[in-house]
Protein chains: 2
Amino acid sequence: MQQDAAKTGKGERTKARIVDAALVLFREHGYDATTMRMVAERAGVSLGNAYYYFKSKEVLLQAFYKEMHDAHVAASQEVLSSSNKLHDRLLGVLQARIDVTEPYRRFAALLFRQAADPDSPLNPFHEASRATREEAIQLFEVVIEGANVKVPKDLAKELPELLWTYSMGIVLFWIHDRSEDSARTRKLAAHTSDIVVKLIRLASNPLLRPLRKRVLELLRDFRVTG
Amino acid sequence: MQQDAAKTGKGERTKARIVDAALVLFREHGYDATTMRMVAERAGVSLGNAYYYFKSKEVLLQAFYKEMHDAHVAASQEVLSSSNKLHDRLLGVLQARIDVTEPYRRFAALLFRQAADPDSPLNPFHEASRATREEAIQLFEVVIEGANVKVPKDLAKELPELLWTYSMGIVLFWIHDRSEDSARTRKLAAHTSDIVVKLIRLASNPLLRPLRKRVLELLRDFRVTG
DNA sequence: GTCTATAACCGGATAGAC
DNA sequence: GTCTATCCGGTTATAGAC
């Protein structure tokens with residue numbers, strides 16, 4: 001938490017060495033085949049020492065997740081700065097994620113599995129991962145802000161989180177997608193993003209205001225996240 | 001696979017003893033705290049023997065899942081035979097599940113976590129669990145069949161699976177729900193089931209036929225299940 | 001070929017000395 | 001903060017009984 005920018009403490013460096021070792025080994029052998037003993041050895045520390053810094057093997061995955069997220073944001077910049085069409089922007093961000101995470105599909109499955117566990121720190125609804133989640137949602141705020149669409153204020157407020165949820169659905173599909181170069185997921189993203197944009201327009205229709213109000217209220221009331 | 005109805009083979013009985021032991025211990029101590037050695041001892045078999053019948057600790061959970069499903073179907077019968085209103089029937093089935101599974105919320109989380117793994121036999125999209133999944137979807141077929149609603153044929157065909165998916169969403173919420181007696185989930189089910197019924201009516205509107213067609217086509221094309 | 005038992009392995013996790 | 005030694009439990013190898 002607190003940390004001198006000038007001299008990075010010894011602990012910090014050791015910790016970084018362990019993370020680096022884990023990332024390399026995870027990439028090379030996969031999560032299951034990578035043992036904590038291997039991680040410790042590569043990092044040049046003892047097994048017990050590795051556990052001093054990381055309570056479990058599982059939490060080492062978080063580092064991996066963070067890395068992927070950063071790469072995703074970077075890869076999204078191109079579309080986001082070149083088009084103001086909602087559909088292009090949304091689809092572009094989805095495609096960027098596939099591009100970036102494609103080599104790590106098996107990993108993503110692990111992350112997803114853990115995320116499904118209510119008690120896991122990786123759980124996206126969990127307090128511990130609030131920051132990560134909010135960062136991910138922010139990306140969709142940018143998607144909307146830069147698009148030339150008019151949506152009712154009430155909907156606009158919830159839209160980023162809704163789109164994030166939608167994108168999580170795409171990820172879920174992708175995890176099960178065995179097609180070459182994730183072609184099926186790419187197709188799915190292309191088709192559904194178009195529909196999502198249409199649904200946003202539909203939901204913005206004044207005639208549907210009562211239903212929309214109700215759904216949005218529900219979302220607020222039952223948001224799992226505090 | 002093949003098995004005489006008359007004399008249950010010795011193996012069958014041993015297998016049953018192991019499942020029974022596991023279910024009791026899981027209920028009593030939870031999944032993690034229950035060791036395979038405990039299960040074996042309680043079943044009166046050796047550890048190796050338990051593994052002869054069950055390839056892993058994980059597959060023992062399937063027995064638990066099956067038991068819950070059967071109980072859910074049974075508990076659903078009351079509403080299904082007493083009302084022909086779609087909303088009542090749908091909500092009734094959702095409530096029945098909460099009633100039945102309430103004591104096992106922590107378990108359900110484990111099942112869910114495993115189900116999220118593409119390679120797990122518990123994965124609802126996995127070939128191995130096709131039968132279980134179809135059985136679950138069938139329940140929603142009954143929900144619709146006995147209801148006095150008119151929906152376009154194309155939608156009717158997909159509706160059971162759609163409702164099943166919706167119900168899985170409720171389960172996901174429930175897993176994270178820490179409220180007394182799952183009160184929040186019950187409220188969520190009540191509110192959303194009402195909205196779902198309204199959405200079905202909306203989607204049945206002739207004006208929305210083109211969009212509906214498109215969404216349904218998408219569902220068919222991208223069904224994860226073969 | 002169907003079933004059962006014993007012993008060992010392996011790796012995640014912890015205790016406690018320095 | 002770091003190490004060594006150890007535990008613990010899922011899983012496997014293997015040998016033999018029915």
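Just so it is clear, the model here is predicted, and its values are computed rather than measured. Residue numbering restarts at 1 for every chain, and letters A, B, ... go by the order of the sequence lines. These numbers come from the heavy atoms of this one structure, side chains and all, not from hydrogens, waters or symmetry mates.
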| If only atom types and distance count, is the side chain of A:Ser179 paired as donor or acceptor with the main-chain N or O of A:Arg184 below 3.5 Å? | yes

Item to complete: Could you check whether the rings of A:Phe173 and B:Phe222 sit parallel, tilted or perpendicular, using 30° and 60° as the cut-offs?
Response: perpendicular

**Asked** Would a distance-only check, ignoring hydrogens and angles, find a side-chain to backbone donor-acceptor pair under 3.5 Å from A:Arg89 to A:Val142?
**Response** yes

4.5 Å side-chain heavy-atom contact, A:His191 and B:Glu217: no

Taken to the nearest whole Å, CD/B:Glu41 to C1'/C:dA5 is 15 Å

For nucleotides 13-18 of chain D, tabulate all protein N/O to nucleotide N/O atom pairs closer than 3.5 Å, reporting atom names and distance.
none

### Task
Assign the ring pair A:Phe64 / A:Tyr104 to parallel, tilted or perpendicular, where the plane angle (0 to 90°) is split at 30° and 60°.
perpendicular

Against the side chain of B:Ser46, the closest entry in D:dG1, D:dC3, C:dT6 is C:dT6

To the nearest 0.5 Å, atom CH2 of B:Trp164 lies from atom CZ of B:Arg133 at 6.0 Å

Would you tabulate the pairs of protein nitrogen or oxygen atoms and nucleotide nitrogen or oxygen atoms of nucleotides 9-12 of chain C closer than 3.5 angstrom?
from   : atom 1 : to      : atom 2 : distance (Å)
C:dG12 : OP1    : A:Lys57 : NZ     : 2.9
C:dG12 : OP2    : A:Met36 : N      : 2.7
C:dG12 : N7     : A:Arg37 : NH1    : 2.6
C:dG12 : N7     : A:Arg37 : NH2    : 3.3
C:dG12 : O6     : A:Arg37 : NH2    : 2.8

Whole-Å distance, B:Glu58 CD to D:dG9 P, equals 19 Å

- Message: Tell me whether the side-chain N/O atoms of A:Thr14 come closer than 4.0 Å to OP1 or OP2 in D:dT2.
- Response: yes

Rounded to whole Å, NZ of A:Lys15 lies from P of D:dT2 at a distance of 12 Å

B:Leu47 vs B:Tyr51 side-chain heavy atoms within contact, under 4.5 Å = yes

Separation of D:dT2 atom P from A:Phe54 atom CZ, nearest Å, is 12 Å

Inset, instruction - Tell me, yes or no, whether the heavy-atom count around B:Glu78 atom CD, taken from other residues, nucleotides or ligands under 6.0 Å, exceeds 12. - result: no

With a 4.0 Å cutoff (strictly under), does any side-chain N or O of A:Asn49 reach OP1 or OP2 of D:dC3? yes

Between A:Tyr52 and D:dG1, is there a side-chain N or O to OP1/OP2 distance below 4.0 Å? yes

- Within the distance-only criterion (no hydrogens, no angle test), does the side chain of B:His72 pair as donor or acceptor with the backbone N or O of B:Leu94 below 3.5 angstrom? no

